[in-house]
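Sequence lines set the chain letters: A, B, ... in the order given, protein chains first and strands last, and positions in each chain run from 1. Every value quoted in this text rests on a predicted model; they were computed, and no experiment measured them.
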Amino acid sequence: MLKEIAGQSPQQWEKRLEQLAPELLEELEEKKEPVKGLPALPGADGGVVMRFAPNPNGPPTLGSARGIIINSEYVKKYGGKFLIRFDDTDPVKKRPMPEAYGWYLEDCEWLLARPDQVITASERVGQYYPIAEELIRRGGAYVCQCNQEQFKALKDAATACPHRDQSLEENMELWRMMLDGRLGEGEAVLRIKTDIKHRDPAIRDWAAFRIVTTPHPIVGDRYRVWPLLDFESAVEDHLQQVTHILRGKDLMDSETRQRYLYQHMGWTYPRVVHWGRIKIHQFGSFSTSKLRKAIEAGEYTGWDDPRLPTVRAVRRRGLRADALRKFMVELGVGETDISISMDTIYAENRKLVDPEADRRFFVWDPVEISIAGAVPDRVEAPLHPTIKRGVRSLTAGNRVFVCRSDLEGRSSGDRLRLKDFCNVEIVGPKEARLIDLDPDTARKQRLPIIHWAPPDSLAVKVLGPERTDTGVAEPGIACDLNRVVQFERYGFVRIDSLGNPITACFAHR
RNA sequence: GCUCCGGUAGUGUAGUCAGGUCAAUCAUUCCGGCCUUUCGAGCCGAAGACUCGGGUUCAAAUCCCGACCGGAGCACCA
């Protein structure tokens with residue numbers, strides 16, 4: 001029987017199945033449908049509460065954008081709440097930047113991911129204390145006075161430290177001593193009991209609170225006992241009733257650690273999805289603290305320097321939020337570490353921006369040439385090559401600018417067309433002579449077509465991720481402040497400031 | 001050293017849980033052609049991948065084992 005089936009073709013199987021059970025055939029076809037957008041989140045059908053939890057020690061980078069976008073995208077998909085939570089509980093080693101809180105909110109807004117609620121951990125530390133005390137009462141936590149090396153040695157040997165089985169009263173008293181100052185920095189931590197023999201040493205009795213006397217940039221010296229990430233995050237996720245956590249693979253152990261706390265408290269842990277590290281070809285790997293140092297050293301002009309992989313920098317260059325969103329959604333949420341190229345983001349952005357961007361002439365490395373003959377004083381050029389939305393009027397005349405590179409390698413007798421203007425023949429190093437105005441001449445003679453800039457052009461400096469170009473551009477760009485335009489044969493730019501020179505930021509070709 | 005995770009075209013990604021129509025999806029990139037008064041856009045075409053080795057099975061990208069490669073954690077950082 002089996003042999004008989006194996007000998008038949010898939011088409012024959014299908015026919016047979018159709019006779020036997022047509023409903024199963026439908027099911028087969030259903031399965032083939034490709035899923036669009038983000039993969040389904042298990043258990044999300046009743047709505048979700050999700051959060052993005054940055055440390056505000058700089059503005060969001062493109063890596064943060066992924067977290068902001070994917071979280072908010074899921075909330076959009078299933079309904080529910082999107083939270084921003086500032087995990088700013090280290091006043092020393094990961095000292096928060098007061099300005100950065102606002103930067104996150106601004107960039108979220110721009111990324112079309114307005115949070116439904118904003119939580120700042122440093123302002124809520126007082127609410128964590130009763131939970132710590134409850135944990136002590138339940139025997140799930142203890143005050144440990146080992147120094148770091150001692151504890152590490154014991155932990156690596158899978159042995160409990162002497163403080164682990166102190167009485168409840170002792171622990172409470174020590175905890176009060178942490179709070180009221182009788183214990184100093186480094187003298188004690190509160191640990192969550194896990195399994196001291198857990199096969200993974202990273203899980204064993206982790207620290208939940210430590211003493212820090214350095215004032216916090218937001219709340220000053222309001223607290224001297226500060227939670228560590230695993231405690232703060234675990235508790236806050238429960239308080240906010242977070243349903244799904246998206247977190248980096250680097251925090252994979254956190255779930256295992258935090259589950260012990262949840263167990264002690266009788267809470268249920270949210271669902272967790274992990275994703276791998278993201279690297280961008282054009283920027284290499286970057287960290288906020290590294291960028292911060294480079295900025296402070298004067299290597300960059302600021303957090304929105306077009307050479308930087310921050311959200312504000314790409315915004316300044318004229319990348320659009322919806323392009324970024326589309327790109328991030330297509331990246332998905334895989335656990336593999338990925339290395340992406342900005343080219344893919346650029347391609348996405350180009351599709352959105354190309355139909356909307358007016359065309360402008362920008363001549364880099366300009367050379368002034370003279371054209372002998374009766375050339376018009378003004379010409380008109382379309383604002384867009386295929387979408388009819390009008391023209392721009394340009395001053396023309398006998399002297400215009402062209403790119404040095406368009407002249408190089410040409411000699412007397414060579415002909416070319418100045419786009420939307422005239423056909424010329426080279427007669428000298430910087431001299432040309434008019435042939436005629438007809439674009440058909442250029443077409444028939446297959447002349448190279450170059451662009452040019454009018455005599456009344458303005459000085460322009462284009463700041464790009466890879467280099468800075470200087471040149472001149474038609475004066476109309478003075479009306480394009482904050483808009484994205486295409487400099488023909490150059491690329492898309494956002495006009496960044498009016499001045500002398502006008503500055504533009506380069507987006508992409 | 002201990003522990004965890006991953007490996008589909010150049011880059012991402014779908015498919016892997018529930019093995020079969022997967023000679024493998026989509027996007028981007030690259031190449032060729034067409035079109036175009038931009039080196040942009042558009043159109044057409046092409047190239048390009050299941051890390052390796054065993055095993056299970058009629059059948060393996062999919063399940064199992066091992067190797068290799070890559071990433072991460074073992075903080076009083078986030």
Is A:Lys155 near enough to B:A75 that one of its side-chain N or O atoms lies under 4.0 angstrom from OP1 or OP2?
yes
Without decimals, in angstroms, what is the distance between A:His274 NE2 and B:G73 P?
13 Å
If the threshold is 4.0 Å, N to carboxylate O, is there a salt bridge linking A:Arg392 and A:Glu488?
yes
Check if the side chain of A:Glu330 and the base of B:U28 share a donor-acceptor pair of N or O atoms closer than 3.5 Å.
no
Of A:Leu229 and A:Thr344, the one whose nearest nucleotide on RNA chain B sits closer to the 5' end is A:Thr344
Could you check whether A:Ile203 gets within reach of a base, just the sugar-phosphate, or nothing at all, counting any heavy atom under 4.0 Å?
nothing
B:G15 versus B:C26 - spacing of their C1' atoms, nearest Å
12 Å
Just the rounded figure in Å: distance from P of B:G12 to CH2 of A:Trp275.
17 Å
So that I can tick it off, tell me whether A:Asp358 and A:Arg360 are bridged by a salt bridge, with the cut-off set at under 4.0 angstrom between side-chain N and carboxylate O.
no
Using a heavy-atom cut-off of under 4.0 Å over every strand shown, decide if A:Asn147 touches base, sugar-phosphate, or nothing.
base
In plain terms, say whether A:Lys326 and A:Asp322 are close enough for a salt bridge, that is, a side-chain N and a carboxylate O under 4.0 Å apart.
no
Less than 3.5 Å apart, any donor N or O on the side chain of A:Arg51 or A:Gln240 sitting next to an acceptor on the other?
no
If the cut-off is 4.0 Å, is A:Arg417 near the phosphate of B:U38, judged by side-chain N/O to OP1 or OP2?
no
Please measure how far the C1' atom in B:A75 lies from the corresponding atom in B:G70, and state the result in whole Å.
25 Å
Is it true that A:His451 and A:Trp364 have ring centroids separated by less than 6.0 Å?
yes
Whole-Å distance, A:Asp337 CG to B:G73 P, equals 11 Å
Is it the case that the base of B:U28 and the side chain of A:Asp343 share a donor-acceptor contact (distance under 3.5 Å, atom types as modelled)?
no
Taking OP1 and OP2 of B:A75, is either one under 4.0 Å from a side-chain nitrogen or oxygen of A:Lys93?
no
Salt-bridge present (A:Lys77, A:Glu73; N to O < 4.0 Å):
no
Let me have RNA chain B in dot-bracket notation, would you? Count Watson-Crick plus G-U wobble pairs, both distances under 3.5 Å, and use [ ] for pairs crossing earlier ones and | for inter-strand partners.
(((((((..(((.......[.....)))(.((((.......)))).)...(((((..]....))))))))))))....
At 4.0 Å (heavy atoms only), tell me whether A:Phe209 reaches a base, stays on the sugar-phosphate, or touches nothing.
nothing
Between B:C76 atom P and A:Leu174 atom CG, what is the distance in whole Å?
18 Å
Mind checking if A:Gly186 touches a base, just sugar-phosphate, or nothing, with heavy atoms under 4.0 Å?
base
Would you tell me if any nitrogen or oxygen in the side chain of A:Lys351 comes within less than 4.0 Å of OP1 or OP2 on B:U28?
yes
Taking the C1' atom of each, how far is B:G55 from B:A47, in whole Å?
35 Å
So if I take every side-chain heavy atom of A:Pro439 and compare against B:C5, B:U37, B:C74, which nucleotide ends up nearest?
B:U37
Taking the minimum atom-to-atom distance to the side chain of A:Ile449, which one of B:C74, B:U38, B:C5 wins?
B:U38
Would A:Glu255 and A:Tyr269 count as a side-chain hydrogen bond (donor to acceptor under 3.5 Å, both in side chains) here? Give the steps.
CA-CA 8 Å; A:Glu255 176 174 353; A:Tyr269 203 76; 5.7 Å; no
Touch check for A:Pro355, heavy atoms < 4.0 angstrom, all strands: base, sugar-phosphate only, or nothing?
nothing
Separation of atom CD1 in A:Ile69 from atom P in B:G12, rounded to whole Å
18 Å
Inspect the contact between A:Arg417 and A:Asp438 and indicate whether a charged nitrogen and a carboxylate oxygen are less than 4.0 angstrom apart.
no
Closest to the A:Asp354 side chain, choosing from B:U11, B:G40, B:U28:
B:G40
Between A:Asp230 and A:Ser339, which residue's closest nucleotide on RNA chain B lies nearer the 5′ terminus?
A:Ser339
Between B:U3 and A:Arg199, counting only base atoms on the nucleotide and side-chain atoms on the residue, is there a donor-acceptor pair under 3.5 Å?
no
Under 4.0 angstrom, heavy atoms only, what part of the nucleic acid is A:Cys422 near: base, sugar-phosphate, or nothing?
nothing
B:U56 to B:G66 separation - C1' atoms, rounded to the nearest Å
15 Å
To the nearest angstrom, the CD1-P distance between A:Ile280 and B:U11 comes to 16 Å
Give a yes or no on whether A:Arg378 atom CZ has more than 12 heavy-atom contacts from other residues, nucleotides or ligands under 6.0 Å away.
yes
Closer than 4.0 Å, any side-chain N/O of A:Ser254 to the OP1 or OP2 of B:G73?
no
Out of B:G40, B:C77, B:G6, which nucleotide sits closest to the side chain of A:Thr336?
B:G6
Nearest-angstrom distance, P atom, B:C4 to B:C65
13 Å
Specify the separation, in whole Å, of atom CG of A:Asp200 and atom P of B:G1.
16 Å
Without decimals, in angstroms, what is the distance between A:Leu331 CG and B:C26 C1'?
14 Å
Can you figure out which of B:G40, B:A78, B:C2 approaches the side chain of A:Asn55 most closely?
B:A78
Taking the P atom of each, how far is B:A27 from B:C34, in whole Å?
24 Å
Any salt bridge linking A:Asp90 with A:Arg210? Criterion: basic side-chain nitrogen under 4.0 Å from a carboxylate oxygen.
yes
Pick the P atom in B:U36 and in B:C22, then give their distance to the nearest Å.
40 Å
Once you apply a heavy-atom cut-off of 4.0 Å, does A:Ala442 come out as touching a base, just sugar-phosphate, or nothing?
nothing
Among the nucleotides B:U37, B:C76, B:A78, whichever has the atom closest to the side chain of A:Arg191 is B:C76
Please check the phosphate of B:A41 (OP1 and OP2 only) for any side-chain N or O of A:Arg359 closer than 4.0 Å.
no
Report the nucleotide, chosen from B:C77, B:G71, B:U38, that has the shortest atom-to-atom distance to any side-chain atom of A:Gln486.
B:U38
Nearest-Å distance once atom P is located in both B:C43 and B:U28:
10 Å
Answer yes if the ring centres of A:Tyr490 and A:Phe506 are under 6.0 angstrom apart, and no otherwise.
yes
Does a nitrogen or oxygen in the side chain of A:Gln148 sit under 4.0 Å from OP1 or OP2 of B:A75?
no
Any donor-acceptor N/O pair under 3.5 Å between B:C77 base and A:Lys94 side chain:
yes
